[in-house]
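A quick note: this is a predicted structure, and the numbers were derived from the prediction, not measured.
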Amino acid sequence: MIILVTGAAGPTGQAVSEYFRKNGDTVISVDKDDVDLLDREAVLDLAARIERDHGGVDGVVHLVGGWRGSGSFAETRLEDWNDLHDLLIRTLQHVSLAFEPLLRESQDGRFVIVSAKAAANPTAGGAAYAAAKAASEAWTLSLADALRGTGSAAVILVVKALVNDAMRAAKPEAKFAGFTDVADLARAIGGLYDRPAADLNGTRLDLTQ
């Protein structure tokens with residue numbers, strides 16, 4: 001399979017890329033130093049290049065993320081919303097619009113985003129983050145509707161937060177209760193190929209349960 005991983009430089013992207021490579025898939029790992037996902041033409045060029053070089057795509061795992069918060073609702077900085085809009089929404093829009101045609105042609109494609117429980121349960125100080133995550137979910141569900149009847153599925157994976165080995169080493173006393181390990185996330189994404197696309201398309205799978 002041909003798998004595109006965006007936001008691939010961090011621990012989450014590395015874990016997901018490693019999982020698919022170990023399973024024998026061709027992984028195209030992209031980060032901001034490779035392609036500016038805020039530049040729609042650059043993302044369209046990426047899609048065209050992947051189609052030319054590999055004949056299509058079987059998975060797009062969109063991992064571009066970020067977090068901003070405040071001490072209270074009144075202290076929310078709208079500049080944080082601007083940042084999160086670009087990170088969580090605009091990059092998703094560019095990637096999904098560019099790769100939807102390729103996913104429609106795949107016999108077993110998956111488009112995956114990682115959302116947060118905060119999208120459904122916002123806190124006072126997390127308004128900008130929760131709203132951006134909720135918007136990302138809505139956009140992904142629209143993509144799912146576009147993929148209905150094809151061999152592909154758009155899926156939302158929900159976590160409380162993610163944890164990796166470096167975080168545990170930095171805070172050995174921390175419990176990270178309810179957090180999802182990036183290796184477990186990678187396995188969950190891989191497991192999406194074990195279920196029919198029609199059963200998965202448009203679903204919101206909670207990894208904290």
Would you indicate whether the side-chain heavy atoms of [Y] and [X] approach each other to under 4.5 Å?
X: R68; Y: D83; answer: yes
X: W81; Y: T76; answer: no
X: W67; Y: L84; answer: no
X: V27; Y: V5; answer: yes
X: L92; Y: V64; answer: no
X: W139; Y: I89; answer: no
X: L103; Y: V57; answer: yes
X: V30; Y: I28; answer: yes

For atom CD of Q93, is the number of surrounding heavy atoms from other residues, nucleotides or ligands below 6.0 Å larger than 12?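 More than 12 within 6.0 Å, yes.
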Keeping [X] on the side-chain end and [Y] on the backbone end, is there a donor-acceptor pair under 3.5 Å?
X: K133; Y: V114; value: yes
X: Q14; Y: A9; value: yes
X: R104; Y: A146; value: yes

Candidate list [options], test side-chain contact (heavy atoms from CB on, under 4.5 Å), partner [X], passing option:
X: I113; options: L63, I156, V158; result: I156
X: F111; options: V61, V95, V155; result: V95
X: V112; options: L192, I3, L205; result: L192

To the nearest 0.5 Å, tell me how far [X] [atom1] sits from [Y] [atom2].
X: E41; Y: L46; atom1: CD; atom2: CG; result: 12.5 Å
X: H94; Y: T6; atom1: NE2; atom2: OG1; result: 13.0 Å
X: L4; Y: H54; atom1: CG; atom2: NE2; result: 10.0 Å
X: R77; Y: S70; atom1: CZ; atom2: OG; result: 9.5 Å
X: D181; Y: T12; atom1: CG; atom2: OG1; result: 9.0 Å
X: T180; Y: L162; atom1: OG1; atom2: CG; result: 6.0 Å

Residue pairs, two or more places apart or on separate chains, that pass side chain to side chain donor-acceptor pair (under 3.5 Å) and touch residues 142-153: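 Side chain to side chain donor-acceptor pair (under 3.5 Å) check on residues 142-153 returns D145-R148.
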Suppose the criterion is side chain to side chain donor-acceptor pair (under 3.5 Å): which pairs have a residue in residues 17-33, not counting sequence neighbours?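 Qualifying pairs, neighbours excluded: S17-S29, E18-K22, R21-S29.
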So which heavy atom on [X] is nearest to which on [Y], and how close?
X: L102; Y: A47; value: CD1-O, 3.7 Å
X: A116; Y: E137; value: O-OE2, 4.2 Å
X: V159; Y: L207; value: CG1-CD1, 4.2 Å
X: P122; Y: A130; value: CB-CB, 3.6 Å
X: L87; Y: G66; value: CD1-CA, 4.2 Å
X: K160; Y: G178; value: CB-O, 3.5 Å

Checking H62 against L37 for the side chain to side chain contact (heavy atoms under 4.5 Å, CB included) test, could you report, in this order, the C-alpha distance in whole Å, the side-chain angles of both residues, the deciding distance, and whether it holds? CA-CA 11 Å; H62 187 65; L37 299 182; 4.2 Å; yes
Please step through side chain to side chain contact (heavy atoms under 4.5 Å, CB included) for the pair K117 and D206, ending with a clear verdict. CA-CA 8 Å; K117 293 183 77 69; D206 191 341; 2.8 Å; yes
Just by distance, no angles: are the side chains of S72 and E75 close enough, under 3.5 Å, to form a donor-acceptor pair?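 Judged by distance alone, the side chains do pair up.
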Could you see if [X] belongs to whatever hydrophobic cluster contains [Y]? Use Ile, Leu, Val, Met, Phe, Trp, Tyr and a side-chain cutoff under 4.5 Å.
X: V60; Y: L157; answer: no
X: L88; Y: L141; answer: yes
X: L97; Y: F99; answer: yes
X: I2; Y: V35; answer: yes

Carboxylate-amine/guanidinium proximity below 4.0 Å for R110 and D58: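 Salt bridge absent between R110 and D58.
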If you measure from the Lys or Arg side-chain nitrogens to the Asp or Glu carboxylate oxygens, is any gap between R52 and D45 under 4.0 Å? no
Step-by-step side chain to side chain contact (heavy atoms under 4.5 Å, CB included) determination, I189 to F20: CA-CA 9 Å; I189 295 171; F20 281 103; 3.8 Å; yes
Give me each pair satisfying ring pair (Phe, Tyr, Trp, His ring centres under 6.0 Å) with a member in residues 173-209, each pair once, sequence neighbours excluded. F176-F179
